[in-house]
Amino acid sequence: MHISARAQKMEPSATLAVTAKAKSLKREGKPVISFGAGEPDFDSPPSAIRYAEEAMKKGQTHYTPGTGIPELREEVCRYYKEHFGLEYTPGNVVVGSGAKPLIYEALGCLIDSGDEVLVFTPAWVSYVEQIRLFDGVPVLVDTSGTDFVPRIADVRKAVTPRTRAMIINTPNNPTGAVYDEECLRDLGRLAVEKNIVIIYDEIYERLVYGDAVHHQILNLVPEARDLTVIVNGVSKAFAMTGWRIGYALGPSSLMGYLGDMQGHITSNASSIAQWASVGALREAETDVVTMQKAFSGRRDLAVKLMKEMPYVSFTEPRGAFYVWFSIREALGKSWKGQPIRSDEEFCKVLLEAKYLAVVPGSAFMCPDNVRISYASSEEEIREGLGRLKEFLEELK
Ligand code: PMP
Ligand code: GLU
């Protein structure tokens, strides 16, 4: 069988692969702790479940409009008005099967073969692969030297006449960085100056800690509105990863194309999950606040425990639910005779030795680093990080 060059070039999602491996070891009865995929361990809010049950009973089990049921698109508009003061109408909103396909569809509507998209690295695993699936060219701008917030001079240098879009992800996966006002202003103005579309992935916007503040870029650079696609969803803040609901907001012309493209791919997101998301957006605000507080405590715990470890160094995360750390000092050592020459080897040996699943930095385009997700109970964080410490102490 002929497999396309496109498919052969594609790397599988490392975050999902690590999680699948952890789950299969667990099924074999191994005492695995997974700090792999970033997904809240909390149950979905009761309001989401109630709305889903009612939807099923009332026969809301058919195709919906491709862009989503009007009730959900209206709730999304209300949310953006209430939380960010932004005025959108349902015609500006497309509901998708998670934020992930919406980013893919946005890229599909924006880039032709050979067009470039700016990606700030370390970056979430799927951006680069999605760009490549449309034969686009990801142009990577490294943020490692500036606490994972892009430096505008570096970004400007990376712009060419073929730059069609930049993906901004704040709070950031995998680094936990929260972009400051100045950085976002500069990026927004550069986008306007060069006519570059901003894909503003703010799926972790509710998860910021301490004195960190999340900024909506359109409140800082309103003139970028016609160039901005906002991407958000219920997966992270509402602990609803499995329902697969995300939403995108943007100029109605672009959103029309996006909706049409989605119509040929998934038709529409699950009708039941859409109703569950209406329930979440209408009634789960207190659940979100409670979970945010729990994540804040978990972040403090994870940071405290990580500080006690040999060989690792990191910038304290201020948002999302990840700690991103350098293992450069551990490379070249070995664990019980097994060499640790790369971040991938580090993660593989750690999983086999201590049954702790973490994601190698290479998957985020930055080798020599590792990401853990602390979206787990405090008990699991203590146990898992205890194992990590033990592993590091046993390196020779
Ligand atoms: N963007 C980022 C930065 C993410 O970490 C994720 C992870 N799931 C997504 C988008 C996609 O989220 P969803 O589950 O809504 O597809
Ligand atoms: N976004 C989460 C992560 O980075 C979930 C898995 C995925 O969609 O990649 O782990």
Side-chain angles (χ1 to χ4, degrees), residues 10-23 34-41 44 48 68 72 76 94-107 119-131 143 148 166-179 199-208 214 229-249 262 265-266 269-270 273-274 276-277 280-281 295 317 319-324 347 357-366 369-376:
M10 188 174 52
E11 291 288 336
S13 164
T15 46
L16 298 182
V18 166
T19 312
K21 176 96 199 278
K23 284 195 173 139
S34 181
F35 292 160
E39 76 165 325
D41 58 329
S44 299
L72 180 52
V76 172
V94 174
V95 172
S97 306
K100 195 181 280 191
L102 290 166
I103 299 168
Y104 179 69
E105 289 153 9
L107 289 166
V119 176
F120 307 131
T121 57
W124 177 47
V125 296
S126 292
Y127 295 145
V128 161
E129 295 302 331
Q130 290 193 349
I131 294 164
T143 65
F148 308 113
M166 63 168 83
I167 304 182
I168 302 178
N169 171 219
T170 181
N172 188 267
N173 175 6
T175 65
V178 177
Y179 290 11
I199 298 180
Y200 200 67
D201 180 350
E202 58 180 351
I203 192 132
Y204 297 99
E205 45 107 5
R206 302 302 302 273
L207 302 175
V208 289
H214 170 73
V229 186
I230 298 168
V231 178
N232 202 338
V234 294
S235 286
K236 313 292 176 175
F238 293 87
M240 291 176 66
T241 47
W243 300 83
R244 311 303 305 125
I245 295 292
Y247 20 88
L249 302 89
Q262 175 159 282
I265 303 175
T266 58
S270 151
Q274 289 190 58
S277 303
L281 287 174
F295 280 126
F321 36 57
Y322 306 104
V323 184
W324 171 259
C347 296
V358 300
V359 189
S362 306
F364 305 92
M365 273 70 63
C366 285
N369 293 280
V370 168
R371 186 195 81 174
I372 61 162
S373 158
Y374 57 82
S376 308

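Everything numeric in this text was worked out from a predicted model, so none of it was measured. Start at 1 and go down the list; that is how both ligands and their atoms are numbered.
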Query raised in the report: Hey, is F35 touching ligand 2 through its side chain, its backbone, both or neither, going by heavy atoms under 4.0 Å?
Result: neither
Query raised in the report: Backbone, side chain, both or neither: what part of T19 comes under 4.0 angstrom of ligand 2, heavy atoms only?
Result: neither
Under 3.5 Å: donor-acceptor pair, side chain of [X], backbone of [Y]:
| X | Y | result |
| --- | --- | --- |
| K236 | G38 | yes |
| S44 | A239 | yes |
| R244 | S235 | no |
| E129 | E11 | yes |
| E202 | N232 | no |

**Report entry** side-chain contact (heavy atoms from CB on, under 4.5 Å) evaluation trace for Y204 with F321
**Finding:** CA-CA 9 Å; Y204 297 99; F321 36 57; 3.7 Å; yes
Close side-chain approach of [X] and [Y], heavy atoms under 4.5 Å:
| X | Y | value |
| --- | --- | --- |
| L207 | H214 | no |
| V359 | C347 | no |
| F295 | P40 | yes |

Identify, for [atom], the protein heavy atom at the shortest distance, and state residue, atom and that distance.
| atom | answer |
| --- | --- |
| atom 9 (O) of ligand 2 | T15 OG1, 2.7 Å |
| atom 2 (C) of ligand 2 | K236 NZ, 3.4 Å |
| atom 8 (O) of ligand 2 | K100 NZ, 3.0 Å |

List, pair by pair, the atoms of ligand 1 and of the protein that are both N or O and lie under 3.5 Å apart, giving the separation rounded to 0.1 Å.
residue  : atom   : partner : partner atom : Å
ligand 1 : 1 (N)  : D201    : OD2          : 2.5
ligand 1 : 5 (O)  : N173    : ND2          : 2.7
ligand 1 : 5 (O)  : Y204    : OH           : 2.7
ligand 1 : 8 (N)  : K236    : NZ           : 2.9
ligand 1 : 14 (O) : S235    : OG           : 2.8
ligand 1 : 14 (O) : R244    : NH1          : 2.8
ligand 1 : 15 (O) : A99     : N            : 2.7
ligand 1 : 15 (O) : S235    : OG           : 3.0
ligand 1 : 16 (O) : A99     : N            : 3.1
ligand 1 : 16 (O) : K100    : N            : 3.0
ligand 1 : 16 (O) : R244    : NH2          : 2.8

Query raised in the report: Is the shortest N/O to N/O distance between S126 and ligand 2 below 3.5 Å?
Result: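 Not met; the criterion fails.
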**Report entry** Numbered atoms and elements of ligand 2 in range of N173, under 4.0 angstrom, heavy atoms
**Finding:**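 In order of numbering, the contacting atoms are 1 (N), 3 (C), 4 (O).
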Query raised in the report: What atoms in ligand 2 come closer than 4.0 Å to a heavy atom of Y322?
Result: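 Counting atoms of ligand 2 from 1, those under 4.0 Å from Y322 are 2 (C), 3 (C), 4 (O).
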Query - Residue from V229, D201, I203 passing side chain to side chain contact (heavy atoms under 4.5 Å, CB included) with I103 - result: D201
Query raised in the report: So between S13, A14, G38, A99, whose heavy atom ends up nearest atom 10 (O) of ligand 2?
Result: G38
